Amino acid sequence: MTSSSSAPSGTGTAELAALQQRAGELERSLAAAAAVAAERTREIEALRERVELLDVAHDAILVRRLDGVITYWNKGAERMYGIRREDAVGRASHELLRTVFPSPLPAIERSLLEDGHWEGDLEHSTPRGVVIVSSRWVLRRGPSGSPEAVFEINNDITARKAAEKERDRQTALLRRQAQLLDLAHDAIVLRRFDGTITYWNRGAERMYGYAAAEAIGARSHELLRTRFPAALSEIDAALRADAHWQGELEHTRRDGGSVVVESRWVAQPDAAEAQALVMEINTDVTARKEAEMLRSEQQQELIRLQASAIAELSTPLIPITDHVVVMPLIGVLDTRRAGQAMDTLLGGLSSSGATVAIIDVTGVKVVDTKVADALLRVAQGARLLGAEVVLTGIRAEVAQTMVSLGVDLQGIATRGTLQGGIAYALARAGARGIFATSKADGGGLTREGAPRTSAR
């Protein structure tokens, strides 16, 4: 009984121990499985968070196989390209977006395989239009190290590229304009309100002799020693008020020579004064001003010669013989013409040695006190030179006027006509000639024509 009952008892104990051991192993397996499940859950949650973050990202993020087929397409890609995820996944990305590459695609893929990444600008065509992106590719490899997929992040730079293109266009335009400014014959200068030069074209180099490198940064009015037509403060005030000014300036070149310019200033509107610029265009008018001055001098000389000729024509002195001259007066005889007549007559008498001067007033329309006084002064001047004066051409109305004015013509011979005056003058000149001859040889007639007697 004892031996038969102990065997089953030992067997049961062994089985129980085995069962307990198996239960422990199951518990450990379950715990391990639970731990794995928990880790997987955490990984899934982390992946879900990452996916959500990828969807929140503004950039377009996609994953594609090496053949280009899209396996992931985030919401940023949907917003950027206007293509839904379900319409993108399973499509070849380069065909879907009609990608334009900066270099051949095989070369880009070789670089990706060698370096594990690639970066560059791409052009994509979408239902919303062309989108330019800054694209970054990262190659994902499997556990064995073989390439499996490409992770692609695209940042929309369309606006930036458009701005860069516009800036490049503006730069090219400014460069062309600067080249045109350099071709201009005029001096074109950009400066701040305080006179500091910021631009100096080739025309300014030619005109003033200063290279651009020498002029830029200098103060223009000091560099060129500008002479202004008015106070600089007044000119600057007009420039600020009207945004422009124009006038003539005188500048000094590098060699010390002067240049006169027609200067036009235009101020930059709506800018802070510290940054505002003034464009100054200077045209060399030195030669023109010199020509104008020469022309003015020539005109003044011509006027002087014309005045002299007119004076000679208005108060001519006509020689009749070596001893008789005639001065016909025509028109208005004022103080100026009386002076001219005096100068002409006295000069003629002095140079010719004439002894009789006929003043014909047939052409004088009006005789007043001033005219009569002028005639008397002319006659007195002639008598001082030893010449006899004969006044001819006095009309009846002129005679009445002179009588009413109380004009005293004592000592002046008068004749009604110029012919009568010439006849009288020739007779008087002849008598004077005989007197002069008789005096020279000690005999002949006296001055009055009487026989000369010898003094004993």
Side-chain angles (χ1 to χ4, degrees), residues 46-142 145-181 199 268 270-271 275 277:
L47 287 173
R48 184 178 292 108
E49 289 177 0
R50 291 175 186 174
V51 170
E52 289 176 354
L53 287 175
L54 292 178
D55 279 338
V56 171
H58 182 71
D59 293 342
I61 300 174
L62 58 129
V63 178
R64 52 185 172 81
R65 298 198 305 257
L66 295 181
D67 61 1
V69 173
I70 299 168
T71 60
Y72 175 76
W73 183 267
N74 78 332
K75 292 189 179 296
E78 288 185 337
R79 290 189 296 269
M80 183 180 296
Y81 298 119
I83 300 174
R84 296 180 304 172
R85 178 178 301 173
E86 54 268 28
D87 295 328
V89 173
R91 298 281 301 276
S93 64
H94 305 324
E95 295 177 1
L96 176 67
L97 300 175
R98 288 174 284 171
T99 308
V100 177
F101 299 95
S103 58
L105 179 58
I108 293 175
E109 290 177 337
R110 282 196 302 271
S111 176
L112 176 65
L113 291 173
E114 291 172 1
D115 303 331
H117 61 86
W118 177 85
E119 185 171 344
D121 293 344
L122 302 176
E123 183 178 312
H124 290 152
S125 295
T126 74
R128 296 176 179 176
V130 174
V131 177
I132 300 174
V133 299
S134 175
S135 187
R136 296 176 297 282
W137 299 0
V138 178
L139 184 65
R140 190 178 70 186
R141 297 180 181 275
S146 60
E148 291 183 342
V150 177
F151 185 76
E152 181 176 329
I153 303 175
N154 295 329
N155 175 248
D156 187 354
I157 58 172
T158 307
R160 190 189 80 191
K161 283 294 185 179
E164 290 176 356
K165 186 176 181 180
E166 177 61 19
R167 186 167 60 250
D168 291 343
R169 189 187 71 82
Q170 291 289 345
T171 300
L173 178 61
L174 290 174
R175 187 177 293 111
R176 288 196 298 272
Q177 290 174 343
Q179 291 171 349
L180 290 175
L181 293 179
Y199 175 76
Q268 181 182 10
D270 301 326
Q275 301 298 324
L277 293 176

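Everything quoted here is computed from the prediction, not taken from an experiment. If you read the sequence from its start, that first residue is 1, and numbering goes on from there.
- How far CD of Glu164 is from CD1 of Ile132: 9.5 Å, rounded to the nearest 0.5 Å.
- Arg169 CZ to Thr171 OG1: the interatomic distance, rounded to the nearest 0.5 Å, is 10.0 Å.
- Under a cut-off of 6.0 angstrom, the local environment of CD in Glu166 is crowded, with over 12 non-hydrogen atoms contributed by other residues, nucleotides or ligands.
- Side chain of Thr71 to main chain of Val63: a donor-acceptor pair is present (N/O by atom type, distance under 3.5 Å, no hydrogens or angles).
- By the 6.0 Å contact criterion, CZ on Arg91 is open, its count of non-hydrogen atoms from other residues, nucleotides or ligands being 12 or less.
- Of all the heavy atoms in Ile83 and Trp73, the pair that sits closest is O-NE1, 3.0 Å.
- The closest side-chain heavy-atom distance from Leu139 to Leu66 is below 4.5 Å.
- Here the NZ atom belonging to Lys161 is positioned 10.0 Å from the CZ atom belonging to Arg167, to the nearest 0.5 angstrom.
- The shortest non-hydrogen separation linking Asn154 to Leu62 is ND2-CD2, 3.8 Å.
- Expressed to the nearest 0.5 Å, how far CD1 of Ile157 lies from CG of Asp121 amounts to 4.0 Å.
- Summarising the geometry of Arg85 relative to Tyr72, their closest heavy-atom pair is NH2-OH, 4.5 Å, with the distance given to 0.1 Å.
- Considering NZ of Lys165 and OG1 of Thr158, their distance stands at 12.0 Å, rounded to 0.5 Å.
- Looking at every heavy atom in both residues, Val133 comes nearest to Met80 through CG1-SD, 3.8 Å.
- With rounding to the nearest 0.5 angstrom, the CZ atom of Arg84 is 8.5 Å from the CD atom of Glu78.
- Within a 6.0 Å radius of CZ in Arg140, no more than 12 heavy atoms belonging to other residues, nucleotides or ligands are found.
- In this structure, the side chain of Arg128 engages the main chain of Arg79 through a donor-acceptor pair within 3.5 Å.
- Across all their heavy atoms, Trp118 and Pro102 have their closest contact at CZ2-CG, 4.0 Å.
- Of all the heavy atoms in Ser125 and Val130, the pair that sits closest is OG-CG2, 4.3 Å.
- Between the side chain of Asp59 and the backbone N or O of Ile61 there is no donor-acceptor pair closer than 3.5 Å.
- Arg64 places no side-chain N or O within donor-acceptor distance of the main-chain N or O of Val150, the cut-off being under 3.5 Å.
- Residues Leu113 and Pro147 have side chains in contact (heavy-atom distance under 4.5 Å, counting atoms from C-beta outward).
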